[in-house]
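Inspection log for the structure reproduced underneath, given as structure tokens.
These numbers come from the heavy atoms of this one structure, side chains and all, not from hydrogens, waters or symmetry mates. Remember, it's 1-based here, ligands and their atoms both numbered in the order they're listed. As the structure is a prediction and not an experimental result, all values here were calculated from the model.
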Amino acid sequence: MIRLENVSKTFGDLPAVDDVSLTIPTGEIYGIVGQSGAGKSTLARLVNLIERPDTGTVTVDGAELTALREGDLRVARRKIGMVFQRFNLLGSRSVRGNVELALELDGVARSERHGRAQEMLDLVGIGHRGDASVHELSGGQQQRVGIARALAARPTVLLSDEATSALDPETTASILDLYRRINAELGLTVLLITHEMEVVKSVCRSAALLEHGRVVESGRLEDIITTAGSRLTSQLFPLGAIPATVAADSAVIDITFAGGNADHPVIARLARTHGLDVSILGALVEQIGGTQAGRTRLEIPGGATDAVIADLRGQGLLVEVLKEAA
Ligand SMILES: Nc1ncnc2c1ncn2[C@@H]1O[C@H](COP(=O)(O)OP(=O)(O)O)[C@@H](O)[C@H]1O
Ligand SMILES: [Mg+2]
């Protein structure tokens, strides 16, 4: 488990991380999302205390890191592996040599390093490339080496800072598959830092949205999706602006559904019950946080909005009014 309590870090006059409190349960794949400059990387460095918070406490697997002296902190940090966007591999060393180096720095005996490094490379699917130079590897393969290195000391927590941001979509998907697998097989807690919503959608069950160093939303995606006004949900379902063609006396509503509500024949029912000619302005259905979720934007012709909304809400659907009928 990772627990941050009232953690702040300021550079100069500007807070990079501003009073963040978060609890990330053991075994979770937890997304930290936000735009560039939101404070995500600083937050990652605060979790392993590469960066010391100005205020607040950081606890990882029961050990309060902010209370430890440097020597104990070094030991505690072994429990936290880190994966970087730019892989940060040593070109002068072989693939296996990069993983062995992490073990060497961790004080693992020479006799054990080779075998452990090979085990980690096998785990991430590049066991056959151990003797290769890192330059001979594709970006995706290099990131696998980065992941093998992060796992070498058998951490309980993996911090991943934009690990897929330099990769193409297909390679990204394969790395995310790997995360899913190591999370399941090793029971690792994964803190997945990204500016890409696709990444959150595909692997996270929970996430926090960071803006200007502050957590503005956090929790299980399933719950966030069904929370009115969620900014994270708007980013998960980018339906864009209301088209100019919408009639002045029409209302525009967004219906958001998750899990059990996902397969309700909403529009057919509206047409039948209210005799309405609703238009679909946009719709997205996705697999999010392991459940089916979606958002549909409808144009409701004049006068019927209140009855329609009451009906939809009665079915347990989240309804948000974007435009009232004039
Ligand atoms: N070592 C540093 N010194 C000064 N400012 C920093 C440092 N690290 C980050 N910042 C500032 O903190 C803010 C958050 O940065 P960062 O955590 O890298 O955001 P993100 O990873 O979300 O893009 C930015 O305004 C950045 O310029
Ligand atoms: Mg960053």
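Residues Glu28 and Ile2 form no side-chain contact, since every pair of their non-hydrogen atoms from C-beta on lies 4.5 Å or further apart. Looking only at side-chain heavy atoms (C-beta outward), Arg297 and Val252 come within less than 4.5 Å of each other.
For the pair Leu178 and Leu123, the tightest heavy-atom approach, listed with the atom from each and the gap, is CD1-O, 4.0 Å. Pairing each heavy atom of Thr57 with each of Thr66, the nearest pair is CA-OG1, 3.4 Å.
Considering only non-hydrogen protein atoms, atom 19 (O) of ligand 1 sits nearest to Gly39 N, 3.1 Å. The closest protein non-hydrogen atom to atom 18 (O) of ligand 1 is Ser41 CB, 3.8 Å. Shortest contact from atom 12 (O) of ligand 1 to any protein heavy atom: Ala16 CB, 3.3 Å. Nearest protein heavy-atom neighbour of atom 17 (O) of ligand 1: Thr42 OG1, 2.6 Å. For atom 14 (C) of ligand 1, the closest non-hydrogen atom on the protein side is Gly37 O, 3.5 Å.
Within the 2.8 Å limit, Ser41 places at least one N, O or S atom next to the Mg ion (ligand 2).
Residue Gln35 touches ligand 1 through its backbone alone, judged by heavy-atom distances below 4.0 Å. Within the 4.0 Å heavy-atom criterion, the part of Arg45 lying near ligand 1 is the side chain and not the backbone.
Geometrically, ligand 1 and Lys40 share a nitrogen or oxygen pair separated by less than 3.5 Å. Remark: ligand 1 and Phe11 share no N or O pair separated by less than 3.5 Å (distance only, no angle test).
More than 12 heavy atoms of other shown residues, nucleotides or ligands fall within 6.0 angstrom of atom CZ in Arg78. Annotation for Asp277: atom CG does not count as buried by contact number, only 12 or fewer foreign heavy atoms lying within 6.0 Å. Around atom NE2 of His212, no more than 12 heavy atoms belonging to other residues, nucleotides or ligands sit under 6.0 Å away.
Protein heavy atoms are absent from the space less than 4.0 angstrom from atom 26 (C) of ligand 1.
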Using the rule given for side-chain hydrogen bond (donor to acceptor under 3.5 Å, both in side chains), can you reason through Ser250 versus Glu299, listing the C-alpha separation, both sets of side-chain angles and the distance that settles it, and then say yes or no? CA-CA 6 Å; Ser250 290; Glu299 177 178 354; 2.9 Å; yes
